Amino acid sequence: MSKIIFYEDRNFQGRSYECMSDCADMSSYMNRCHSCRVERGCFMVYDRTNYMGNQYFMRRGEYADYMSMMGMSDCIRSCRMIPMYRGSYRMRIYERESFQGQMHEMNEDCDNIMSRYSMSNFMSCNVMDGHWLMYEQPNYRGRMWYMRPGEYRSFMNMGGSNMRFMSMRRIMDSCY
């Protein structure tokens, strides 16, 4: 079972909130959050409620002052547990919205979509198997987006209107 503990102050000080599942709004548990400890599993944390805003991937470990470490300007407002997965990974990416245009099927990490597939961007995808992290820059850099199994017809409708994904990696069971 996954477990993350949030602390109001840096270095695991102040009030704390323990979480073992998804939490869409943490504001009723704490006013601010400046450090956290992931004891088991992996989580995505968000700087807005309802799993919106900037996303950050947290694996097992201690984050004594993650706000300055990750460049967060605000505190965590929601979190999502990433379930353990040990099966195969498969995703189709499409050049345009609604699964239109050029399509490529992926089953492994890709550090540069443009150089591998000659695609400057893709606007929709279908995650058939596994959990993935998408990054706005090549080599797994920049803002990230968590994709779980499902159809994503338009990234613009997901709040990523100016988001371009240039690399992606599988979330492997190594964080458990």
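Since the model is a prediction, treat every value here as computed from it, not as a measurement. Heavy-atom basis, side chains included; hydrogens, waters and symmetry copies ignored. Numbers here are sequence positions counted from 1.
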Over all atoms of both residues, closest heavy-atom pair of [X] and [Y]:
X      : Y      : value
Ser35  : Gln13  : OG-N, 4.4 Å
Asn112 : Ser167 : N-CB, 4.4 Å
Arg153 : Glu151 : NH2-OE1, 3.5 Å
Ala24  : Ser78  : O-CB, 3.3 Å
Ser21  : Cys79  : O-SG, 4.0 Å

Pair Arg59-Val38, side chain to side chain contact (heavy atoms under 4.5 Å, CB included): steps then yes or no: CA-CA 6 Å; Arg59 67 178 59 226; Val38 180; 6.0 Å; no
Do [X] and [Y] share a hydrophobic cluster, counting only Ile, Leu, Val, Met, Phe, Trp and Tyr and linking them when any side-chain heavy atoms are less than 4.5 Å apart?
X      : Y      : value
Leu133 : Tyr140 : yes
Met30  : Tyr56  : yes
Tyr152 : Met128 : no
Met134 : Met172 : yes

Sole candidate of Phe165, Tyr94, Trp145 that passes ring pair (Phe, Tyr, Trp, His ring centres under 6.0 Å) when paired with Phe155: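 So the option named by the test is Phe165.
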Please answer whether the main-chain N or O of [Y] pairs with a side-chain N or O of [X] as donor and acceptor at a distance below 3.5 Å.
X      : Y      : answer
Glu136 : Arg143 : yes
Tyr89  : Ile171 : yes
Asp65  : Arg10  : no

[X]: partners by salt bridge (Lys or Arg N to Asp or Glu O under 4.0 Å), with sequence neighbours left out:
X      : result
Asp25  : none
Glu39  : Lys3
Arg169 : none
Arg80  : none

To the closest 0.5 Å, what do you measure between [atom1] ([X]) and [atom2] ([Y])?
X      : Y      : atom1 : atom2 : value
Asn54  : Arg48  : CG    : CZ    : 9.0 Å
Asp47  : Cys33  : CG    : SG    : 12.0 Å
Arg37  : Phe6   : CZ    : CZ    : 12.5 Å
Ile113 : Arg164 : CD1   : CZ    : 10.0 Å
Gln55  : Ile76  : CD    : CD1   : 12.5 Å
Ile5   : Glu62  : CD1   : CD    : 9.5 Å

Are [X] and [Y] packed together at the side-chain level, in the sense that at least one heavy-atom pair is separated by less than 4.5 angstrom?
X      : Y      : answer
His131 : Pro83  : yes
Met144 : Tyr135 : yes
Met168 : Met91  : yes
Cys36  : Phe43  : no
Ile82  : Phe57  : yes
Asp9   : Arg32  : yes

Asn139 and Met166: CA distance, side-chain angles, deciding distance, side chain to side chain contact (heavy atoms under 4.5 Å, CB included) verdict: CA-CA 8 Å; Asn139 300 311; Met166 302 305 291; over 6 Å; no
Which atom pairs, one a donor and one an acceptor, fall under 3.5 Å between side chains of residues 116-127 and the rest of the protein, sequence neighbours left out?
unit_1	atom_1	unit_2	atom_2	d
Arg116	NH1	Asp109	O	3.3
Ser124	OG	Arg96	O	2.6
Ser124	OG	Phe99	N	3.1

Intermediate values then yes/no, side chain to side chain contact (heavy atoms under 4.5 Å, CB included), Met44 and Arg148: CA-CA 11 Å; Met44 287 305 289; Arg148 56 188 180 177; over 6 Å; no
Members besides Met1 in its Ile/Leu/Val/Met/Phe/Trp/Tyr cluster (side-chain heavy atoms under 4.5 Å):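 Taking Ile, Leu, Val, Met, Phe, Trp and Tyr as members, Met1 shares its hydrophobic cluster with Met20.
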From CA spacing to verdict: side chain to side chain contact (heavy atoms under 4.5 Å, CB included), Cys19, Tyr29: CA-CA 10 Å; Cys19 186; Tyr29 303 109; over 6 Å; no
Plane angle bin for Tyr7 and Phe12 - parallel if under 30°, tilted between 30 and 60°, otherwise perpendicular: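 Ring orientation, 0 to 90° scale: perpendicular.
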